[in-house]
Amino acid sequence: MDHAADAQRTDLMTITRFVLNEQSKYPESRGDFTILLSHIVLGCKFVCSAVNKAGLAKLIGLAGETNVQGEEQKKLDVLSNEVFIKALVSSGRTCILVSEEDEEPTYVEPSRRGRYSVVFDPLDGSSNIDCGVSIGTIFGIYLLKDSHEPNLEDVLQPGKNMVAAGYCLYGSSCTLVLSTGTGVNGFTLDPSLGEFILTHPDLKIPSKGKIYSVNEGNAKNWDGPTAKYVEKCKFPTDGSPPKSLRYVGSMVADVHRTLLYGGIFLYPGDKKSPNGKLRVLYEVFPMAFLIEEAGGQAFTGKIRALDLVPKKIHERSAIFLGSYDDVEEIKALYAAVEE
Ligand SMILES: O=P(O)(O)OC[C@H]1O[C@](O)(COP(=O)(O)O)[C@@H](O)[C@@H]1O
Ligand SMILES: [Mg+2]
Ligand SMILES: [Mg+2]
C-alpha cells in the first residue's frame, strides 16, 4: 500500500478550510460568510453534545411552554433555539433571524448587524428526542442585496434566492451537509478533534431510488395523486419490485437517507391539513435547495418548491422531494388531475 500516494489522493479537509477554499473563488468576498458559517458550526457542535448527554443532563422532556405552531416545546427545542440565536447574533454577520420556535423574527440591533438573514429549525424531529432517534438542525441563508433597513421582505423570498442551506444530523454520527450553491458536501464531526471533516464530497442523489418515505398514518386523508403514487410504490404494475418504506419521522434523517440512497420523501397536503405540516422557510426551502443542488427535484404538488413565495414566516407547504425520476412520476400524477 503506497501510503504517500494514497495520502495525496484523499484530502483531510475541515469544513472551515473547505469554506475558505470556496471563499477564495470570490475575490470580492470579505470572509463574512466564512465567519457566519463558523458560528453555525459552533451551534451545531454545542447542540450535538447536548443531544448526546440529554438523558444525563436532564434535557429530556417538555419545557412547559407552547410555541407559535401550538406544539409543546421540548427542553432541547428551547435550548437549541437559544444556542443558535446567540451564535448567530454574536457572529456579527446577521440582520434577521427566523426560528421555528419564535413567533416573530429577531431583528439584530444595528451595532451587531451584518448582511445575512438566517431561517432555521433549531431542532428538527422533536417527537424523536426522548427516544434517542436521529434528530437535527436545518438552516437557510439569504444575503441582503443592498444597504436598506432589513425588513420582512428580505426573508419572505423564494427559496431559489437563498445563497446557502444545510442541515446537521445528530444521529449515530454527527453529519453536517452544506451547499453554497455549487454542489453539496457532507462533513462528519470527529468528537476527539471537535472538527467537522469532509467525508461526503460532491454528493449526487441517485436519479431513481428503491425507497419511499411518508407517514402512511395520514393515508385516509390523502388526495388522489398521492394515494395513487403510494399505491404504485407498493404494487408496481410495470414489473419492477415494490419500493421499501422507510420513515423516521425526523425530516433531517429522512432527507439525509434520501440524499444518500435515493428515493422520495413526501409530506403531502391532505383533507385535514391542506398545506401539509412542514414549514416553507426553514424546512422545505433548505432541503429543496440541497436536493436540487445534488441533482434531484422538490415539488409542492403544484410548482417547483424553490419558486414558492411565502407570505408568512411560519407558512406550511406540501413537499415531495428526492430522486429526479421518482419526483417526475408524482408530478405526472398531479399534472393528470390538472388536465
Ligand atoms: O409525526 P408526523 O406527522 O409524521 O411529522 C413528522 C415531521 O414533523 C417534524 O418533526 C416537524 O419538525 P419539528 O420537529 O422541527 O417540529 C419533521 O421533522 C417530521 O418530518
Ligand atoms: Mg422541523
Ligand atoms: Mg423543530
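Numbering of ligands and ligand atoms starts at 1, following listing order.
Proximity annotation for atom 10 (O) of ligand 1: of Ala253, Ser273, Gly125, Gly125 comes nearest, heavy atoms only. Among Arg279, Met251, Glu216, Gln73, the residue whose heavy atom sits closest to atom 13 (P) of ligand 1 is Arg279.
Although no hydrogens or angles enter the test, the distance criterion places a donor-acceptor pair under 3.5 Å between the side chain of Arg113 and the main chain of Val108. Side-chain N or O atoms of Glu283 include one that pairs as donor or acceptor with a backbone N or O of Arg279 at under 3.5 Å. A donor-acceptor contact shorter than 3.5 Å links the side chain of Ser323 to the backbone of Pro206. Of the possible donor and acceptor atoms, none in the side chain of Arg246 sits under 3.5 Å from a partner among the backbone N and O of Ser213. Here the side chain of His256 pairs no donor or acceptor atom with the backbone of Cys168 at under 3.5 angstrom.
Judged purely by distance below 3.5 Å, without hydrogens or angles, the side chains of Ser126 and Glu71 never pair a donor atom with an acceptor atom.
Between Lys208 and Asp326, at least one side-chain nitrogen of the basic residue sits less than 4.0 Å from a carboxylate oxygen of the acidic one, meeting the salt-bridge criterion. Between Glu328 and Lys331, at least one side-chain N (NZ, or NE/NH1/NH2) sits under 4.0 Å from a carboxylate O, which counts as a salt bridge. In summary, Lys74 and Glu101 do not engage in a salt bridge, as defined by a charged side-chain N under 4.0 Å from a carboxylate O.
Residue Leu123 touches ligand 1 through its backbone alone, judged by heavy-atom distances below 4.0 Å.
Of all the atoms in ligand 1, the ones that sit under 4.0 Å from a non-hydrogen atom of Tyr247 are 2 (P), 4 (O), 5 (O), 6 (C). If you number the atoms of ligand 1 from 1 as listed, the ones under 4.0 Å from a heavy atom of Asp121 come out as 15 (O). Counting the atoms of ligand 1 from 1 in the order shown, those under 4.0 Å from a heavy atom of Ser126 are 14 (O). Atoms of ligand 1 lying under 4.0 Å from at least one heavy atom of Glu71, given by number and element, are 16 (O). Listed by atom number, the atoms of ligand 1 under 4.0 Å from Asn215 heavy atoms are 2 (P), 3 (O), 4 (O).
A side chain to side chain contact (heavy atoms under 4.5 Å, CB included) with Phe120 is found for one member of Asn81, Ile138, Ile40 and no other, namely Asn81.
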Let me check something: any side-chain donor-acceptor pairs from residues 158-166 under 3.5 Å, sequence neighbours excluded? List them with distances.
{"unit_1": "Lys160", "atom_1": "NZ", "unit_2": "Asp307", "atom_2": "OD1", "d": "3.0"}
{"unit_1": "Asn161", "atom_1": "ND2", "unit_2": "Gln157", "atom_2": "OE1", "d": "3.0"}

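Taking the centre of each ring, Tyr229 and Phe320 stay at or above the 6.0 Å mark.
Between Ser250 and ligand 1, no pair of N/O atoms sits closer than 3.5 Å. Checked by distance only, ligand 1 and Tyr267 come closer than 3.5 Å through their nitrogen or oxygen atoms.
Distances shorter than 2.8 Å separate the Mg ion (ligand 2) from the protein N/O/S atoms Asp121 OD2, Asp124 OD1, Glu283 OE2.
Looking only at protein heavy atoms, the nearest one to atom 1 (O) of ligand 1 is Lys277 NZ, 3.8 Å. Summary of contacts: the protein heavy atom closest to atom 16 (O) of ligand 1 is Glu100 OE2, 2.8 Å.
Using cut-offs of 30° and 60° for the angle between ring planes, the Phe18 and Phe187 rings count as perpendicular.
In this structure, Gly249 counts as a contact residue of ligand 1, since one of its heavy atoms falls inside 4.0 Å of the ligand. Residue-ligand proximity: Gln69 is placed with every non-hydrogen atom at 4.0 Å or more from ligand 1.
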